[in-house]
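No hydrogens, no waters, no symmetry mates; every other heavy atom, side chains included, goes into these values. In this text the structure is predicted, and so the values were computed from the model without any measurement.
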Amino acid sequence: MPTDHDITSLRVRTLERIVTRGQVWPRMAEKYGVTKPVPPWKSSLDGMCDALDVGEGGVLPPLARRDEEDLLSREVYGTLPFPENQLVALAHSLIARNVVDETVLAERMEAVRARLEAGGSP
């Protein structure tokens with residue numbers, strides 16, 4: 001299900017806010033007193049990419065995902081370090097294909113943030 005337009009032209013405001021706020025793991029880990037060098041969501045991201053790679057030409061074919069990830073990481077999310085740029089590039093691709101709803105993503109992110117700020121686990 002390829003996109004019918006240049007993926008970099010799609011604005012995803014929820015993801016743009018991540019860039020604007022500088023929400024990168026070292027900063028978030030310091031803010032919440034976490035000492036692990038690898039973000040807790042990195043293994044989930046790797047698992048999701050592996051699952052997407054198994055599919056044969058499904059929602060996001062492996063080559064298309066990697067090409068879009070490179071393009072988006074370079075042209076849209078270039079100020080984010082790895083693995084944050086990989087994460088937002090994948091989210092951007094899935095939003096562009098209507099697999100993930102941006103509003104639902106924003107609500108989920110707010111729920112996680114609220115739990116973190118309340119001292120609970122994400």
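Contact annotation: the side chain of Arg66 approaches that of Asp53 to within less than 4.5 Å [non-hydrogen atoms, C-beta and beyond]. At a threshold of 4.5 Å between non-hydrogen side-chain atoms, the residues Leu90 and Arg65 count as touching. Residues Pro83 and Trp41 are in side-chain contact: their nearest non-hydrogen atoms beyond the backbone lie under 4.5 Å apart. Side-chain contact between Tyr77 and Gln86: absent, with no pair of heavy atoms (C-beta onward) separated by less than 4.5 Å. Looking at Pro37 and Trp25, their side chains never come closer than 4.5 Å, going by heavy atoms from C-beta outward.
For the residue pair Ile7 and His92, the shortest heavy atom distance occurs at O-NE2, 3.0 Å. For Ala89 against Glu69, the heavy-atom pair with the smallest separation is CB-CA, 3.9 Å.
Separating the CG atom in Leu72 from the CG atom in Leu15 is a distance of 9.5 Å, to the nearest 0.5 Å. For the atom pair CG (Leu105) and CD (Glu110), the distance works out to 10.5 Å, reported to the nearest 0.5 Å.
Ile95 and Val104 are members of different hydrophobic clusters when ILVMFWY side chains are connected at heavy-atom separations under 4.5 Å.
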(request) Mind running salt bridge (Lys or Arg N to Asp or Glu O under 4.0 Å) on Asp46 and Lys42 for me, showing each step along the way? (result) CA-CA 6 Å; Asp46 291 342; Lys42 178 64 171 115; 2.5 Å; yes
(message) side-chain contact (heavy atoms from CB on, under 4.5 Å), that's the test. Do Leu94 and Met48 meet it? Break it down for me.
(response) CA-CA 12 Å; Leu94 293 173; Met48 184 180 299; 4.2 Å; yes
Kindly list each side-chain donor-acceptor pair under 3.5 angstrom involving residues 17-24, sequence neighbours excluded, with atom names and distances?
{"unit_1": "Arg17", "atom_1": "NH2", "unit_2": "Thr14", "atom_2": "OG1", "d": "3.4"}
{"unit_1": "Thr20", "atom_1": "OG1", "unit_2": "Glu16", "atom_2": "O", "d": "3.0"}
{"unit_1": "Gln23", "atom_1": "OE1", "unit_2": "Arg113", "atom_2": "NH2", "d": "3.4"}

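For residues 72-92, the set of pairs meeting the salt bridge (Lys or Arg N to Asp or Glu O under 4.0 Å) definition, not counting sequence neighbours, is empty.
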